[in-house]
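Some notes on the structure that comes next.
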Amino acid sequence: YRALCKLSGSGDEPFGAPGDEPAQGPALPFASLRPGGGRAADDELSSKLLSLALLLHVLEHPGPAFKSGPAFVRATRQHLCVALLKNATSAHMQVVALSLRIFVALLAHFKAHLKAEIEVFISTIFLKIVDSEYSTAEQKELVLAVLEGLCDDWQGLVELFVNYDCGGLDDQDLFRR
């Protein structure tokens, strides 16, 4: 799990930047099956997408030990959340879309363990993407779909208000934003 979390956050943006060199060493047998013939950036993007897809499956179908196990919660906080924060602003819409779906799965199954991280996602990433003139329409649409899903859950809305607007001195006024 931890290795998938780290792999999902690996790589520098943008993928396939000019000047990328092909991977050193022997060519992988499946490299010729992809357009681009196995460039390092293509391999990196494929690895990231595969790791995100596997993480999504694991997080959409967690068992009770996984949801409450301290090692998994710690790995989620330390590795997955960091990767998702990075991926939410990726130039690749597939990476953004998978990362947002993982965030929704985290809300569904790990909400109690990730209160601070959820606030960071919403205030620092989601609301800034929606407000930014530099975000693409597709990025905004993906984020708005997640926010719409949050709004469909009345209990989730109440929890957002109670946890982030009525929590004490550090009130974020997140609900109003």
Supply the atom-to-atom distance Glu141 CD to Glu148 CD, rounded to the nearest 0.5 angstrom.
10.5 Å
Within the 4.5 Å heavy-atom criterion, are Asn87 and Lys48 side-chain neighbours or not?
yes
So which atom in Gln139 and which in Ser135 form the shortest heavy-atom distance, rounded to 0.1 Å?
OE1-CA, 3.3 Å
To the nearest 0.5 Å, what is the distance between CG on Leu49 and CG on Leu56?
12.0 Å
Rounded to the nearest 0.5 Å, the CG atom of Leu98 sits from the OG atom of Ser90 at a distance of 10.5 Å
So, does Ser8 use its side chain to make a donor-acceptor pair with the main chain of Cys5 at under 3.5 Å?
yes
Separation between CG of Leu100 and CG of Leu106, rounded to the nearest 0.5 Å
11.5 Å
Heavy-atom check, side chain of Leu59 versus side chain of Leu80, under 4.5 Å:
yes
In terms of the angle between their ring planes, are Phe103 and Phe126 parallel, tilted or perpendicular, with boundaries placed at 30° and 60°?
perpendicular
Main chain of His109, side chain of Lys67: is a donor-acceptor contact present, judged purely on distance under 3.5 Å?
no
Decide whether Val82 and Val96 are clustered together by the hydrophobic rule: side chain heavy atoms of Ile, Leu, Val, Met, Phe, Trp, Tyr closer than 4.5 Å, transitively.
no
Parallel under 30°, tilted from 30 to 60°, perpendicular over 60°: which one fits the rings of Phe110 and Phe66?
perpendicular
Rounded to the nearest 0.5 Å, the NE2 atom of His92 sits from the CG atom of Leu45 at a distance of 5.0 Å
Is the backbone N or O of Ala71 less than 3.5 Å from a side-chain atom of Arg2, with the two atoms forming a donor-acceptor pair by type?
no
Tell me whether the count of non-hydrogen atoms from other residues, nucleotides or ligands lying under 6.0 Å of CD in Gln94 goes above 12.
no
Min side-chain heavy-atom separation Thr89-Lys128 under 4.5 Å
no
Restricting to non-hydrogen atoms, name the atom on Ile125 and the atom on Ala88 that form the minimum distance, rounded to 0.1 Å.
CG2-CB, 3.4 Å
Nearest 0.5 angstrom please: Asp152 CG to Leu147 CG, how far?
11.0 Å
Would you say the side-chain atoms of Ser10 pair up with the backbone N or O of Leu7, donor to acceptor, closer than 3.5 Å?
yes
Please give me the minimum heavy-atom distance between Ala83 and Gly9, naming the atom from each residue.
CB-CA, 3.5 Å
